[in-house]
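Protein chains get the first letters and strands the later ones, always in sequence-line order, with residue 1 at the start of each.
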Amino acid sequence: MALQLYDSFSRSPKPLTPSHADGVYRFYNCGPTVYSAAHLGNFRTFVVNDLIRRLLELDLGADKVRHVRNLTDVDDKTIRRAREEGRSLTDVTAEWTAKFHADCASLGCLPPHIEPAATTHITEQVNMIEVLMQKGNAYRAADGSVYFKVSSFDGYGALSRVKERKLRLGSALEAGNTGTKDTTSVDSDEKEDGTDFALWKAWKPEDGDVKWDGPNGASAGRPGWHIECSAMSKKHLGDTIDLHTGGVDLLFPHHENEIAQSECCNGTAFAHHWYHSEHLLVDGKKMSKSLGNLYTLDQLNEMGHTPMALRYALLVGHPRKQLNFTLESLSSAVKALTTLRNFRTALGDQSGALASFAPVFSSLHDDLNTPGALGALFSLVNRDPSGIDAATFDRVLFALGLDLTPPEAPPVAIPAEVTALAEKRWAAKQAKDWPAADALRAEITSAGWTMKDRKDGYDLEPAKA
RNA sequence: GGCGCGGUCGCCAAGUGGUAAGGCCGGGCUCUGCAAAAGCUCUAUCGGCGGUUCGAUUCCGCCCCGCGCCUCCA
């Protein structure tokens, strides 16, 4: 069964099959803006995309997948951050790019084959803007910026179905939906129409030394956000790509704008398939920087949560359904991972029936039904391991990106007095002095530690809350 | 106001026109001097009201509740 994914454009599931003669599947995934640490919500999307990447590799072969994920390293936020910290833009974005890479690696995400950055593709973007200007799809405003003329593209709104946005904007304002919006980054008032969006932003004093020569007739400045994806996608994957993905919040306006730019410039269909993963919620609300209800991987790691537990917790929800993240889901994940690990160990290198895992793979192939796949997996794990094929189990683990290597025990300092109590208890136990041993165990427990006996010794762990 | 998504066991979460996978927690058991770990095992009629149907949690309508997007946003 070929991998089927819901297509946001046609609003129906569609198989992922290469459309180019070389059989290489072209996959573009909108990446992060590198100005601070990405949060778990962001990583949900990247983990889901990693799943797509892995399944494609399994289905088509690793050499038949070209996965591109961009880095937005110039925009209002990156520039503001650099200014606030008195650093160069490059210095700031390099730091957060490295952090992003480290976080992705810890979560077991395969690196994309190509990771283009906006600032190293200025020429491509400028060229594209010039074509759009020549074709009458873009215009230079009085301030030297360049805008895309939405009314010049009939297909505008087909993805997000907001064709009459302009008319309805009034309603939105009345409904009070713009009260908390950050208006500092809104395009200038130089636009001919409210729905037009910036392709090129003329330099402003607060941009400091961040500027490049603009398209013909435009001022020096920097590219607008949307154009980078159109330009980099075109350069690395061609005019028409097989799949374009991102979080649901990118559906409008980002992806709508990308379609407009690319199709007007290239004169061909931009993407055959659009896929959007849903948001991660915290306390029922979207995890976001503006709400301040986010968790970064560092925060979670400091609390003692392993990256694999995080990945598992993200996999528990269907990618196209909002998932309410809780710390409790992490302890649940740790247990589940342990069960899987024990089962895998019991398997050794035995071979067995390959078909056992069919339900797992078919769930995965059916629109990335990770909860269904996990359910099917545990149905197997709950049975006798005999007859289970270890290599196929490993394929499942690869597909899910789960690394079952036992997490290293977090280095916790054991108080000397607790160690002393444990030693005394161990001695008492050896002497079969049960009353003394029990009394000492009670002392250790009240000190907040758990003493776990093994045949040849013992372990001390902080008592669970 | 427009567009979209969701409401299934204490928590999380699949699924199907024919009477509900799975994970966590909790209960019971086995093992272990105790404890832990590990293994086994038990627990739902699917937001509300109508409709279609031999039969609906699954289809349709209405209602209630929650979330997201409507140019910062994974």
Nearest of [options] to any side-chain atom of [X]?
| X | options | value |
| --- | --- | --- |
| A/Leu280 | B/A74, B/A13, B/G33 | B/A74 |
| A/Arg11 | B/C3, B/A13, B/C25 | B/C3 |
| A/Asp438 | B/C67, B/U71, B/G33 | B/G33 |
| A/Thr339 | B/C24, B/G68, B/C34 | B/C24 |

If only side-chain N and O atoms count, and only distance matters, is there a donor-acceptor pair under 3.5 Å linking [Y] with [X]?
| X | Y | answer |
| --- | --- | --- |
| A/Ser8 | A/His276 | yes |
| A/His101 | A/Glu115 | yes |
| A/Thr33 | A/Asp75 | no |
| A/His244 | A/Arg26 | no |

With no angle test and no hydrogens, is the base of [N] tied to the side chain of [X] by a donor-acceptor pair under 3.5 Å?
| X | N | result |
| --- | --- | --- |
| A/Arg161 | B/C3 | no |
| A/Lys286 | B/C73 | yes |
| A/Arg441 | B/A35 | yes |
| A/Asp249 | B/G68 | no |
| A/Arg425 | B/G33 | yes |

How would you label the contact of [X] with the nucleic acid (heavy atoms, under 4.0 Å): base, sugar-phosphate, or nothing?
| X | value |
| --- | --- |
| A/Lys432 | nothing |
| A/Lys321 | sugar-phosphate |
| A/Glu328 | nothing |
| A/Asn342 | sugar-phosphate |
| A/Ser379 | sugar-phosphate |
| A/Asp75 | nothing |
| A/Thr72 | nothing |

>> Quick check: on RNA chain B, is the nucleotide nearest A/Tyr35 upstream (toward 5') of the one nearest A/Asn324, or the reverse? Name the residue that is more 5'.
In response: A/Asn324

>> Let me spell it out: for each of A/Pro319 and A/Leu374, pick the nucleotide of RNA chain B with the closest heavy atom. Which residue's pick is nearer the 5' end?
In response: A/Pro319

>> Nearest whole Å is fine: how far is B/G23 C1' from A/Phe343 CZ?
In response: 16 Å

> Roughly, in whole Å, what's the span from NZ in A/Lys201 to P in B/C72?
Replying inline: 9 Å

> Hey, mind stepping through A/Glu206 and A/Arg83 against salt bridge (charged side-chain N to carboxylate O under 4.0 Å, His left out) and telling me if it holds?
Replying inline: CA-CA 8 Å; A/Glu206 54 264 44; A/Arg83 191 177 65 235; over 6 Å; no

> According to a 3.5 Å limit on both distances, what stems of 3 or more consecutive Watson-Crick or G-U pairs are formed with RNA chain B?
Replying inline: B:1-7 with B:64-70, B:10-12 with B:22-24, B:26-30 with B:38-42, B:47-51 with B:59-63

> Can you name the closest pair of heavy atoms from A/Leu16 and A/Leu5 and give their distance?
Replying inline: CD1-CB, 3.5 Å

> May A/Phe378 be described as stacking on the base of B/G22, applying a 5.5 Å centroid limit and a 30° limit on plane angle?
Replying inline: no

